[in-house]
Structures are given as C-alpha cells and as structure tokens.
Amino acid sequence: MDEKYFPEKIEEKWQERWAETGAFEVERDDEREPFYCLEMLPYPSGFLHMGHVRNYSIGDALSWYKRLRGFNVLHPIGWDSFGQPAEQAAIKRGINPRDWTEDNINHMRGQLKRVGVSYDWRREIAAHTPEYYKWDQWLFLKMYERGLAYRRMSQVNWCPKEETVLSNEQSSGGVCWRCGASVVKKDIEQWFLRITDYAEQLLEDMKEIEAGWPERVLTMQRNWIGRSRGAYIDFAIKDTQAKARVFTTRIDTIYGVNAIVLAAEHPLLEELMEESPLKDQVRNFIKRTRHEQRRYPNAIEDSEEKEGVNTGLIAINPFSGEFIPVWVANYVLMEYGTGAVMSVPAHDERDFEFAQKYSLPIRRVIERISHEQESIEHDPTRADQSATMEHAFTDYGILVNSGDWSGKLSEDAIAEMSRYAQEKGFGEETVTYRLRDWGVSRQRFWGAPVPIIYCGKCGVVPVPEKDLPVRLPDRAEFTGTGESPLAGVAEFVNTTCPQCGGAARRETDTMDTFVDSSWYFFRYCDPHNSDAPFDKEKAAYWTPVSQYIGGIDHAVMHLLYTRFWTKFMRDIGLVSFNEPVRRLMTQGMVTNQVEGTNEWKRMSKSLGNGVDPDDMIAAYGADAVRLFVLFAAPPENELRWAETGIEGAVRFLRRVYGMVWRWHERLSDALQKQSEPGAEEFSTEARALRRKTHQTIARITEDFEELHFNTSVAALMELSNTLGDFRVEPQTASAADVYAVREALESLVLMLAPFTPHVAEEMWEALGHEGGILNSNARWPQADEELARKEELEIPVQVNGKLRSRIRATPDTPEDELRATALADEKIQSFTNGREVVKVIIVPQRLVNIVVR
RNA sequence: GCCGGAGUGGCGAAAUUGGUAUACGCACUAGACUCAAAAUCUAGCGAGGUCACACUCAUGUCGGUUCGAGUCCGACCUCCGGCACCA
C-alpha cells in the first residue's frame with residue numbers, strides 16, 4: 001500500500017489479480033443458492049459510453065453484494081454483434097462487417113476490463129459467431145415445425161434511409177427506432193413469428209412478474225398488446241351474397257349506424273365493385289390512398305384529414321333491418337380488426353368527424369344517465385338532438401331509439417346484444433389485439449441466415465438439423481439497393497434440395513437481431529455447448545434471471561420478444577417456467593449539458609456533449625467514476641453528468657484510503673487480532689463509533705435489497721465522517737479503540753467493495769487480509785441490533801403538533817417519566833401555562849406531543 | 001385523447017412508510033495553511049426575523065382527515081415518458 005491513493009496503479013493490480021485467480025468465475029453448485037445478475041448485452045458500436053458504464057456499475061454493485069452474502073453469482077457479458085451499423089460500415093467504407101465488428105468487440109472488451117466489471121469472461125458470447133447463430137437457426141426451425149414461423153406476402157414497415165424492413169415494435173410512432181427516418185409501407189414476402197398466438201399469455205403471465213417489474217414497463221406492454229373485447233357483426237350487402245364483417249366494442253350503439261366504412265385494401269371492394277356505376281370513382285380513391293404510402297403523422301402533428309367515397313353498395317343493419325350506405329375511407333385500417341367498421345357518428349369521435357365532413361346523418365342512441373333521478377335525462381326540447389351535437393358522446397349510458405333494447409344500460413346491452421347476434425348467426429363475441437405477428441425477415445447480410453431452402457419440386461424445405469449452421473459467406477457485394485446482399489452470392493444461394501437432391505435456392509433473408517437477443521441469457525449458462533442451445537439442467541439451475549438491468553428503450557421490443565421466446569422454449573420443453581426475468585430495473589439516461597444551452601440531453605456525439613469513459617477513468621480512476629455514477633442519483637432517474645461530482649467521489653475515496661493508511665500498521669498486525677473486549681472497556685466515543693458502524697450496516701443492507709445505491713453511498717460517507725471524528729491516534733489507542741476502529745474500517749471497506757472494488761481490495765489487503773476479498777472468506781458484515789441501539793435519545797416535544805423543545809431520555813425511559821419531563825420543561829411550560837392539557841401523545845423513542853386547549 | 005410516473009434548498013437528492021423536513025454530496029461564503037494559487041483543513045449555508053435567541057413561514061396549488069401530513073383522501077395545476085384514426 002502506498003501512502004497516497006494512486007487509482008491507476010491499484011486498478012491495474014487488481015484487474016490482473018482477478019483474472020489470474022478467476023475471482024468471478026462460477027459453476028453450477030447445487031449446494032449454493034444461485035443469483036443471476038444480468039445486464040442487457042451491448043451492441044459493439046466501437047466505444048463504451050456512459051450509459052454502459054452506468055448499466056454495468058449497477059449490475060456489478062449488486063453482483064458483489066450478492067457474492068458477499070454467500071450467493072453463487074452468475075454475472076456474464078456478451079455482444080449483440082449482428083446488425084445494421086456493421087453493414088453500413090461495409091457499404092460506406094468497404095470494410096468487412098466481421099472485421100469491423102470484431103475490432104469493436106476487442107476494443108470494448110478492453111474498456112470493460114478497465115472499468116473492472118466482475119464478469120465471468122469465460123462465458124462471453126457473440127451473436128455473429130456460427131456457434132451462436134446456429135442455435136438461432138435451430139430455434140427458428142423448431143418454430144417452423146410448430147407452425148409458429150410462416151411466410152406471407154405482406155405490407156411491411158420500410159425504412160427508406162437504412163433500406164430495410166422494420167418490425168412494428170421497431171417502427172413505433174411511424175419512425176425508424178434506429179435512425180428516426182419516417183417509415184413507409186412496402187409489399188414483400190416475409191417470415192413472421194406468431195407472437196399473437198401468445199398474446200393472451202403475455203398479458204396473463206404479467207401477474208407473475210408484477211412485483212418485480214416497473215409499473216410503466218408492464219403498462220407499455222399491456223398497451224402494446226392492446227387487448228380489446230368486442231364482437232364481430234356481419235352486415236349483409238344488399239343484392240349480393242356478400243357480407244361485410246365489422247369489429248366493434250360498442251354493439252350497444254348499433255341502432256346509430258349510418259354507414260359501413262371499409263379500408264381501402266378491403267377485399268370486398270375488389271369483389272363487388274366490378275358492377276358498380278361508381279367503379280371509377282372508388283378505384284381512384286383506392287389508388288390515391290394506397291399510393292400515398294401512408295406516411296404516419298408525427299405524434300405532435302395533427303392527424304390527416306379523413307377522406308372517403310360512397311361505394312354505392314347498400315348494407316343491411318342486422319338489428320334494425322335498416323339500409324345503410326357502404327363507404328371506403330382512409331381512416332379505417334386494414335391491419336386492425338376486420339378492416340371494416342360500423343360508423344356511429346353520435347358515439348365515436350372519428351365517425352362523427354367523418355359524418356360531418358360528408359353530411360351523413362347523425363342519430364343519437366345513447367343518453368347520459370342522470371344520477372339524481374336514476375333515469376334518463378329527458379329533455380323534450382332536445383328530443384332529437386342529432387343536429388345539435390358538437391361532439392360524439394362516447395361514454396356508456398342508457399340506450400334510446402334502439403327498438404326493444406331501448407332503456408337498457410350499455411354494459412348490459414353489450415352482453416345481451418352480442419349473445420343475441422351469436423344466436424341469430426350474424427355475429428359473435430370476440431377479442432382482438434393490437435399486437436401483430438413479429439416480422440423477422442431482413443434483407444440484410446449481417447444477420448443469421450433464415451435456414452430455409454426453396455425447391456422447385458418440394459417447395460419450402462427447412463434445412464436439416466445436421467446441416468446447421470447455415471453459414472454466412474465471408475463476403476458479399478454491398479450495393480445498398482435493398483435486396484439482401486446474400487442474393488448476389490451464388491455459392492450461398494445455389495444449393496441442393498435436402499429432400500429430392502435437385503437444384504434449389506436458399507432463402508437470402510437474415511433474421512432480425514432481436515431474435516439473437518431473445519434467448520442469449522440462457523446461452524450464458526452453457527456457452528460452449530455444441531449439441532444444444534444450452535443444457536436444460538444447467539439453465540434450470542441459473543434461470544430465470546434474478547435481476548435484469550437495462551434501458552427503458554427496450555420496454556416493448558426486446559422485453560416483449562424475450563417473454564414470448566421463453567414461453568415458446570417452455571412449450572418445446574427447454575425450460576419449465578413462464579417468465580424469464582423475475583426482477584427488472586430500468587436505469588435512467590445519462591445526460592450532459594449541451595454547451596451554450598440550459599438543456600440536459602442524452603450524451604451523444606452529434607450534440608457534442610458526450611463524455612468518454614476512458615478519459616474519466618484516466619483522470620479519476622474507474623472506482624471514482626463508478627462511485628459517482630451510483631451516488632449521484634437513484635438508478636431509475638436521469639443522471640446529470642457533473643465532473644465536480646466525480647471530484648467529490650475521489651475526495652471521499654482519498655479520505656477513506658488515508659484512514660486505512662493511518663491505521664494499517666496497527667490493524668494489519670496479526671498479533672493485534674484479539675477477541676472482542678468486554679463492553680465496559682469501550683469508551684463513550686468508541687461505543688458511539690460502533691453504534692454508527694452497526695446502524696450503517698443495517699441501513700445499507702436494506703438499501704441493497706431495493707437497489708438504492710445512492711443512499712448506500714451516503715451512509716458510507718456518514719460512517720467515514722464519524723470515523724474521521726474519532727480522534728484517537730493509532731499509537732496511543734487502547735485495545736478496545738483498536739477493536740472499534742477495526743470493526744468500522746473493515747465494514748466500511750467490505751461495503752465499499754460493490755462500488756469501488758479495486759480500492760476496496762487494496763484496503764482489505766492493507767488491513768491484513770490475504771488472497772483478495774472473495775477468496776478470504778469475507779462475508780457481508782452483520783448488523784448487531786444491540787450495538788446499533790442509541791444510548792441516549794433526544795426526544796422532540798411538540799405542543800399541538802408544533803416542535804417546541806427537546807428532552808433527553810434513554811430508549812427505555814418509561815412513558816410516565818417522559819410525560820413528566822416534557823410537562824416540566826421550561827420552554828414547554830411557557831406554551832402550556834394557563835391552558836388545559838387535554839392529552840399527551842407519546843410515541844416510544846420518537847416523540848411527545850402535548851395537546852392543549 | 002387514453003395510460004403510466006413525478007413535483008422537496010442554488011443543484012443532484014434524503015426522510016426508518018403518519019412522528020425532529022432538507023441526511024449525503026455538489027456549488028457557494030468566510031477563516032486557517034501558502035509569497036501566491038491549487039490541494040487540504042475548520043466553520044457557515046431553506047426564506048423572513050434577531051446582535052444572538054425567540055418566533056413566523058416553507059415539501060406544485062386549494063381543501064379535507066388526524067394530536068400530528070412531504071407521506072393518507074378529494075379537486076386542480078405543471079412537467080416527463082409511452083401509445084394514438086385500434087373501431
């Protein structure tokens with residue numbers, strides 16, 4: 001130990017030591033309780049940023065804590081190494097995506113090691129290696145066998161900038177999740193995974209994780225799945241055999257239908273318009289609507305104007321028998337429900353707007369319930385208010401103008417009318433979801449090839465398991481045209497059919513990288529298995545993940561996919577539970593002030609407000625950076641970068657280090673290790689120090705369970721302040737003093753280990769322990785309640801709830817005495833004089849409140 | 001519009017879950033050390049008020065419950081995030 005704190009020296013020393021001793025390497029051990037601490041695996045962009053540092057600092061703190069609590073802790077890392085940027089680099093700079101990716105991984109691995117995160121590096125995985133993506137392909141084929149992977153022509157979300165297909169989750173809000181460009185629609189043959197088959201389970205199983213996941217993530221997923229109960233209703237088309245099936249959640253409003261409105265892509269139009277005199281008009285409208293390639297409005301902008309045309313077709317309302325026109329309009333989406341709606345302008349805002357624009361009749365069929373009269377709010381002067389409505393009335397209420405159903409409440413009518421429709425054969429109760437199947441095809445090179453072969457004779461043929469992996473070729477032509485570069489690699493495309501042996505072509509699409517990340521944490525349990533994605537027994541020991549930590553940005557992408565994937569793996573017998581992650585913590589952003597402004601924004605190169613972790617580590621040491629990051633804000637909150645804050649962290653570490661230095665000769669001398677002195681040997685000051693030590697242990701232990709790292713650090717600072725005030729020189733200290741200091745310093749050092757492992761190791765060694773913290777059988781300190789108890793209390797005394805004085809007491813001063821002392825207090829008497837004491841409230845060890853009148 | 005979360009010093013934030021509001025840190029001020037600066041150390045630091053006490057006010061706003069409310073209840077305001085022509 002040097003006299004002064006030199007982080008670079010200490011950090012290098014301990015990083016080497018950890019690697020040599022395999023300090024963080026773990027194996028399955030049925031004797032010990034496992035704890036799986038997982039951070040979202042990074043994309044190897046080339047450089048570690050502060051967001052990574054925050055993410056891994058949180059995970060590392062928890063991992064260290066759990067190890068010290070005796071858990072067998074799995075803490076792995078890997079690389080989400082397939083994806084666009086590698087290919088962009090290839091297109092722009094002619095670099096091989098593999099070289100680019102692997103260079104980046106090598107660089108970032110070095111950075112991670114300098115941060116000193118306690119990973120079991122033997123378990124490192126990378127998605128772009130054939131050893132890994134073989135199992136993406138294998139799992140894909142399992143899905144295919146079960147009918148969960150299928151191919152269809154579809155209109156997809158297309159990012160014109162990156163020239164690729166995006167899933168619904170990745171094009172949320174109408175913009176590309178990666179580059180922010182406006183997304184357009186395009187027709188392509190695509191592979192899909194039937195996540196919708198699991199919609200109900202994805203909702204249902206949320207109750208298993210409710211306690212451990214942030215409310216907002218569950219809410220976002222719930223909204224995304226978008227379960228909606230309602231009914232299908234068939235409207236017969238007059239003079240034809242055809243029916244228009246609509247989906248509605250408000251069958252109770254069906255007497256108010258003024259039109260059936262179809263989406264432009266609705267198949268009925270093709271089928272029925274041939275005969276229509278309005279054919280051309282409708283054709284034009286459809287053409288216009290479809291060719292606009294539906295650009296989504298930005299969230300802030302007003303939505304598009306509603307437009308439509310009358311098709312001339314007539315539909316029949318199955319409840320009222322009424323004839324109503326059939327329109328086609330741009331506000332009806334083919335992708336949701338049935339692509340057809342019943343328009344009820346009086347009770348739906350969109351229909352209302354549409355009806356007003358085209359002067360369609362508006363008929364009110366639901367009235368508000370008047371609570372005073374418990375009956376219909378009946379105003380004869382407004383008997384027919386259709387013309388006077390300014391907005392649609394969308395609440396539930398009581399039915400009017402609805403034939404025999406009039407007078408019923410919406411809730412009851414919905415149930416009864418649905419049943420009636422079902423009995424009469426023109427409708428059925430149903431549930432629809434907003435969630436769509438997951439499009440996984442990407443017309444890209446740098447991904448796992450979809451393991452499918454197309455044969456002229458046999459059709460779609462899965463690649464046999466023995467032929468996996470379907471390897472990516474070493475190189476391809478990167479044209480940037482949008483077609484998969486694999487299509488241009490003859491030796492990849494041309495193959496033979498596994499069934500008939502004839503000439504065949506390979507699928508040239510690769511898989512969405514979210515496939516790779518849907519199950520990677522199972523692979524960490526058994527990363528080198530060449531016979532299976534992972535050994536079931538090993539995975540059963542480690543999984544589900546005990547604590548997962550990552551950004552909120554994956555709330556409905558990765559975190560929904562991985563739940564789906566786990567349920568699928570359960571169904572094929574690989575795992576035996578429903579939910580992959582017990583506890584989830586979503587960390588906040590790291591922001592920095594944008595120069596010349598008052599704004600704090602996420603660090604980024606383009607804004608010029610980025611801070612390079614390497615620079616910070618070089619200047620202050622990894623320990624100080626980590627300590628600051630965990631101290632400055634609760635982990636879920638935004639973290640505002642402040643270099644003065646790191647300086648504060650360094651100051652604190654220097655102070656603690658200095659104290660250990662001052663005492664280390666006395667404390668490290670093995671001969672000084674004595675049994676605990678008798679209680680009477682401790683001075684008042686030493687007892688106060690021990691009290692603080694044990695209070696701190698209790699507090700931090702509690703904080704760790706809740707991931708309240710910021711308050712843990714504050715508590716450690718308090719303990720160090722108390723220790724700093726303990727003015728006894730090592731040379732003159734009594735045995736009891738030495739004991740109290742040892743207890744305080746060892747506790748402080750051990751509890752610092754999760755935050756600042758390098759300097760903690762160094763100080764632990766200086767205190768006379770050999771072999772490193774984890775190998776010296778060190779255990780998280782235990783709080784002794786008796787020692788933590790205060791000897792003397794200062795109890796606030798209130799009069800009518802206002803603080804007026806304080807009295808001294810001990811924890812076991814009887815209530816009578818507290819009351820007497822409080823009432824006798826001089827200051828208190830000045831407030832109680834001449835007034836009647838109504839009662840005295842005493843909260844043991846806390847407070848006395850005197851109520852006077 | 002719907003759903004979720006949050007409003008506490010100059011700033012990041014605490015508050016044992018209804019019991020001393022502002023712990024810890026940053027910034028700031030004064031002093032010590034120094035030729036000087038940095039570093040370090042000591043003290044102060046919600047607002048008003050006072051020589052100093054006392055006292056008064058203060059946790060987005062207004063009300064309520066309670067001996068007592070940052071915490072519970074009701075209404076409202078503001079900010080952040082998500083979804084959004086989803087029938």
Side-chain angles (χ1 to χ4, degrees), chain A residues 172-174 214-224 226-228 230 246-250 253 261 263 296-297 299 302-306 329-333 335-344 347-351 353-354 394 432-435 552-553 555-556 586 588 627-628 631-634 636-649 651-652 654-655 658 695 698-699 702 708 710-721 724 794-806 827 830 838-852:
Chain A
S172 173
E215 186 59 40
R216 61 176 179 154
V217 173
L218 294 174
T219 304
M220 281 161 75
Q221 292 207 356
R222 219 173 266 126
N223 290 344
W224 190 261
R227 185 181 201 272
S228 184
V246 305
F247 172 72
T248 181
T249 55
R250 293 299 301 274
T253 65
V261 187
Y296 291 82
D302 281 355
S303 48
E304 290 170 68
E305 180 90 8
K306 289 183 179 45
N330 62 351
Y331 75 96
V332 179
L333 308 173
E335 305 93 289
Y336 183 76
T338 59
V341 302
M342 56 181 220
S343 165
V344 186
H347 305 292
D348 181 282
E349 284 296 346
R350 293 154 304 181
D351 296 340
E353 202 185 309
F354 191 68
T394 57
T432 60
Y433 300 91
R434 212 189 76 113
L435 183 71
I552 185 75
D553 30 337
V556 285
T586 51
L627 185 68
F628 167 70
F631 173 59
E636 301 86 345
N637 286 22
E638 172 189 339
L639 171 65
R640 296 190 164 195
W641 191 256
E643 211 154 320
T644 51
I646 301 198
E647 285 164 16
R651 263 198 292 274
F652 165 67
R654 267 205 291 262
R655 272 201 291 268
Q695 286 170 349
R699 195 173 147 194
E702 211 170 285
H708 293 168
N710 54 326
T711 49
S712 306
V713 177
L716 288 175
M717 287 173 170
E718 283 185 51
L719 177 57
S720 115
N721 290 345
E794 208 179 35
I795 294 187
V797 182
Q798 301 180 329
V799 177
N800 285 349
K802 289 202 174 191
L803 177 68
R804 296 302 182 190
S805 185
R806 296 167 216 270
K827 280 195 207 148
S830 72
V838 182
K839 62 173 161 177
V840 178
I841 288 148
I842 295 174
V843 183
Q845 302 188 41
R846 276 282 155 71
L847 156 137
V848 177
N849 186 15
I850 297 161
V851 186
V852 298

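As the structure is a prediction and not an experimental result, all values here were calculated from the model. First the proteins, then the strands, lettered A, B, ... as listed; each starts at 1.
Rounding to whole angstrom units, CZ of residue A/Arg216 and P of B/C83 are separated by 12 Å. Between the CG atom of A/Leu639 and the C1' atom of B/C26 there is a distance of 13 Å, rounded to whole Å. Distance, A/Trp224 CH2 to B/G82 C1': 10 Å, rounded to whole Å. If you measure from atom CD of A/Glu636 to atom P of B/G4, you get 19 Å, rounded to the nearest angstrom. Summarising the geometry, the separation between CD on A/Glu718 and C1' on B/A13 is reported as 13 Å, rounded to the nearest angstrom. What separates CD1 of A/Ile850 from C1' of B/C67 is a distance of 11 Å, to the nearest Å. For A/Asn637 and B/C11, the CG to P distance is 16 Å, given to the nearest whole Å. When rounded to the nearest whole Å, the span between CG of A/Asn721 and P of B/A23 equals 13 Å.
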Polar atom pairs (N or O), protein with nucleotides 46-52 of chain B, under 3.5 Å:
none

Contacts under 3.5 Å, N or O only, protein and nucleotides 27-31 of chain B:
none

Pull out every protein N or O sitting under 3.5 Å from an N or O of nucleotides 15-20 of chain B, one pair per line with the distance.
unit_1 : atom_1 : unit_2   : atom_2 : d
B/U16  : O2     : A/Arg846 : NH2    : 3.1
B/U16  : N3     : A/Arg846 : NH2    : 3.2
B/U20  : O2     : A/Arg806 : NH1    : 2.0

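Within the 6.0 Å centre-distance limit, the rings of A/Phe628 and A/Trp641 are counted as a close aromatic pair.
Nucleic acid contact for A/Pro214: none, since no nucleic acid atom lies under 4.0 Å from a heavy atom of the residue. Heavy atoms of A/Val341 sit under 4.0 angstrom from at least one base atom. Here A/Gly226 lies out of heavy-atom contact (under 4.0 Å) with every strand.
Within the 4.0 Å cut-off from OP1 or OP2 of B/C24, not a single side-chain nitrogen or oxygen of A/Asn710 is found.
Partners of A/Thr249 under the side chain to side chain contact (heavy atoms under 4.5 Å, CB included) rule, at least two apart in sequence or in another chain, are A/Ser228, A/Phe247. Under the side chain to side chain contact (heavy atoms under 4.5 Å, CB included) criterion, A/Val713 pairs with A/Leu627, A/Phe631, A/Met717, A/Phe755, not counting sequence neighbours.
With distances taken from any side-chain atom of A/Lys306 to the nucleotides B/C85, B/C83, B/G25, the minimum falls on B/C85. Side-chain proximity of A/Thr219 to the nucleotides B/G4, B/U56, B/A23 is greatest for B/G4. Checking B/C24, B/C67, B/C3 against the side-chain heavy atoms of A/Lys839 singles out B/C67 as nearest. Residue A/Arg804 places its side chain closer to B/U56 than to any other of B/A87, B/C67, B/U56.
Open room surrounds CZ on A/Arg216; 12 or fewer heavy atoms of other groups in view lie less than 6.0 Å from it.
A salt bridge does not link A/Arg654 to A/Glu647: none of the charged side-chain nitrogens sits closer than 4.0 Å to a carboxylate oxygen.
Stacking of A/Lys306 on the aromatic ring of A/Tyr331 is recorded, both the 6.0 Å distance cut-off and the 45° axial limit being met.
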- line: Note, RNA chain B 5' to 3' with Watson-Crick or G-U pairs under 3.5 Å encoded as ( ), [ ], | and . gives (((((((..(((......[....))).(((((.......))))).(((......)))..(((((..]....))))))))))))....

